[in-house]
Amino acid sequence: MIDIQISENPLVPQTCQDAVADPSAGGAVIFLGTVRNQTKGKKVIKLEFESYVPMAVKEMHKIAETIVTKWGALHVSMHHRIGLLEVGEIPVIIAVATAHRQAAFEACQYAINTLKETVPIWKKEIFEDGAVWVSAHP
Amino acid sequence: MIDIQISENPLVPQTCQDAVADPSAGGAVIFLGTVRNQTKGKKVIKLEFESYVPMAVKEMHKIAETIVTKWGALHVSMHHRIGLLEVGEIPVIIAVATAHRQAAFEACQYAINTLKETVPIWKKEIFEDGAVWVSAHP
Amino acid sequence: MKIKIVPFGIAKEIMQGSNITLDLDVSASIADLKKILKEEYPDFERLNSLKFAINENYEADHFQMQEGDEVVIIPPVSGG
Amino acid sequence: MKIKIVPFGIAKEIMQGSNITLDLDVSASIADLKKILKEEYPDFERLNSLKFAINENYEADHFQMQEGDEVVIIPPVSGG
C-alpha cells in the first residue's frame, strides 16, 4: 500500500506507522525529519515550506513505486508538511515496511535522499534578521 | 541521552520517539521490529522472548555508547520486549537522533544488527505443531 | 503562442510574485524560455539549478511547448 | 571449587531446566567447563555457538574461573 500526503497540519508518526503495519513484515524503518534550531551556527526561528502540490504528490508516488519495485516493500507511507513550522516540529515522515529489515533501511534512505532531489517542495529558513531559500544558491 | 529498556509490557513507539526528540537534531531514524506471521513459509502462532536481563541491558548500553561515540548521536533509545508476543506485535524499537540524517540511518542499522549478535535475548518461534529456538542450530 | 509561467519558491521572489504570460515563437523550447527568463530576470543566473515542469512532469531543454501550456518554474528543491 | 551454572534459552532445555553447581579443579577455564558440559549434555555440540558470561560479561575460553563464580550459558542469541 502506498500512502502519500502533503498537509498543512502537524504530521503524526503513528499514522505513518499504522499505514505500514503488516503481519508479514519483519520490520519497518521510519525516518522523521525535524526542524533544527540552527543551520551552520545561525539560529533558526521558523521554517516555511512551499510546494507545487500536485506535482510533489506525483513525484512522491514515483519514489514509493520505485521502493515497491526495487526493494519489494510491502508498504510505503510518505507525509510532508507545508506552511510555517516551529523548531522541533516534523516536516517529513517516511515509513517503509519490508519482509526483511535490510531492505527497509536502504529503501527509506533512498526515499528521503530522492525526495530532497526531485520533489517540488521548497524550504525557507527564517532567521532573526532575514530569510533564505535553502539550497537556492551555491 | 541513552534510554535502554527491557519490558514485559507492549512497547510504545511514541515513547522512543519522545526520548530522542531534540531541537538540534535534524532527523531521527526508528527501527520497529514486528512479529511475522510466518518463517520460511511456516505459520507462526506466537513468539516467546527470554532474556538474561541485567547483561542484556549492559550489552544494549554498549551499543548505544558506540553509537554516541562513533556516529555522534544526540540520543539513542532501545526498547526490547520479553515474554509471549502475538503476530504483529513489536519486539524491538530502536530510535537514533543525529544532527544529520545519514549518521542516524547507519547507526540505527548498526544497533539492530549488533543487538542480534551480542545481546542475550532468545526467541522461540511457536508453530501449530511445536516450537523452535531461533538460530540455535545450523 | 501564449505560455503561462508559474514560478515557485525563490523563482516567485525573483519574478516579484507574479504569474506571467509570455508570447513565444511557435515551437519555442524550454531552452528558449530559459534564455528569455534569464535575460528578463538576471537573478535566475545565480541559482544552483533551474528546471521546468509541464503537466506536473519535468521537461528537458529540448522540449517544445505548445499554445496554452502552463510552465512551472522549479528552482532548487529543498524538501525534507 | 564450586561453580554455579545458569543456562538460558535452549541451554536450559538441554539441561532440563536446572541450574546446577559443578565441582571443578581450581583454576579451571571456560574451555574446561565447555568440555565437561558437552560430555554431560551432548546436545550442546549441535548448537551454532556456545558462549559463557561471568558478572554479565562474555568471557573467552582461556578465562579462569574462581570459587563461587556464577557462569551463565549463552546459546546463540536471537533478539530483535
Side-chain angles (χ1 to χ4, degrees), chain B residues 4-7 11 31-36 39 44 47-63 78-83 85 89-94 108-125 130-138, chain D residues 3-22 29-31 33-66 68-80:
Chain B
I4 306 291
Q5 286 185 35
I6 294 181
S7 165
L11 303 186
F31 175 75
L32 287 184
T34 42
V35 176
R36 290 183 70 192
T39 185
V44 172
L47 285 192
E48 185 172 4
F49 285 91
E50 180 180 320
S51 176
Y52 172 30
V53 175
M55 181 170 168
V57 168
K58 209 163 160 177
E59 290 291 325
M60 285 161 79
H61 260 287
K62 283 185 198 169
I63 293 170
M78 302 176 76
H79 290 194
H80 205 296
R81 189 163 163 203
I82 52 176
L85 275 75
E89 287 197 291
I90 300 172
V92 64
I93 304 175
I94 300 176
C108 189
Q109 201 163 6
Y110 165 83
I112 180 64
N113 289 349
T114 307
L115 181 147
K116 284 173 177 277
E117 285 169 11
T118 66
V119 177
I121 297 176
W122 298 273
K123 172 164 57 189
K124 197 186 209 172
E125 285 171 338
V132 168
W133 288 100
V134 176
S135 301
H137 297 114
Chain D
I3 301 291
K4 187 175 168 197
I5 308 295
V6 181
F8 275 92
I10 196 171
K12 197 155 59 179
E13 290 184 4
I14 289 172
M15 294 173 66
Q16 280 105 47
S18 50
N19 290 8
I20 60 171
T21 300
L22 293 178
S29 69
I30 291 288
L33 173 62
K34 201 186 284 188
K35 191 158 166 280
I36 290 165
L37 285 170
K38 286 184 172 178
E39 281 166 10
E40 187 73 16
Y41 307 98
D43 281 352
F44 277 132
E45 286 287 5
R46 298 173 51 237
L47 297 183
N48 270 326
S49 71
L50 190 57
K51 294 182 179 172
F52 297 86
I54 298 171
N55 295 324
E56 302 162 14
N57 282 313
Y58 287 108
E59 296 297 352
D61 276 359
H62 58 75
F63 183 87
Q64 293 186 329
M65 296 167 284
Q66 293 184 353
D69 272 350
E70 190 174 297
V71 179
V72 173
I73 306 185
I74 315 250
V77 303
S78 51

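Residue numbers begin at 1 in each chain, while the letters A, B, ... track the order of the sequences.
Contact detail for Glu56(D) and Met55(B): the closest heavy-atom pair is O-CG, 3.4 Å.
Interface remark: Phe49(B) contributes side-chain atoms only to the contact with chain D (heavy atom separation under 4.5 Å). Interface remark: Pro120(B) contributes backbone and side-chain atoms alike to the contact with chain D (heavy atom separation under 4.5 Å). When heavy atoms are compared at a cutoff of 4.5 Å, Glu48(B) does not approach chain D at all. Both the backbone and the side chain of Lys116(B) come within contact range of chain D, each with at least one heavy atom under 4.5 Å from a heavy atom of that chain. Of the atoms belonging to Trp133(B), it is side-chain heavy atoms, and not backbone ones, that fall under 4.5 Å from chain D. If you measure heavy-atom distances from Val119(B) to chain D, the contacts under 4.5 Å come from the backbone alone.
Of the listed residues (Gly33(B), Pro91(B), Pro54(B), Ala136(B)), the one with the most heavy-atom contacts under 4.5 Å to chain D is Ala136(B). In terms of heavy-atom pairs under 4.5 Å with chain B, the best-connected choice from Val72(D), Asn48(D), Leu50(D), Asn57(D) is Asn48(D).
Within residues 73-80 of chain D, the residues having any heavy atom closer than 4.5 Å to a heavy atom of chain B are Ile74(D), Pro75(D), Pro76(D), Val77(D), Ser78(D), Gly79(D), Gly80(D), listed by residue number.
More than 12 heavy-atom neighbours from other residues, nucleotides or ligands sit within 6.0 angstrom of NZ on Lys38(D). Shown here is Lys4(D), whose NZ atom has no more than 12 heavy atoms of other residues, nucleotides or ligands within 6.0 Å.
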Go through His137(B) and Ile10(D) one step at a time and tell me if the side-chain contact (heavy atoms from CB on, under 4.5 Å) criterion holds.
CA-CA 10 Å; His137(B) 297 114; Ile10(D) 196 171; 3.4 Å; yes
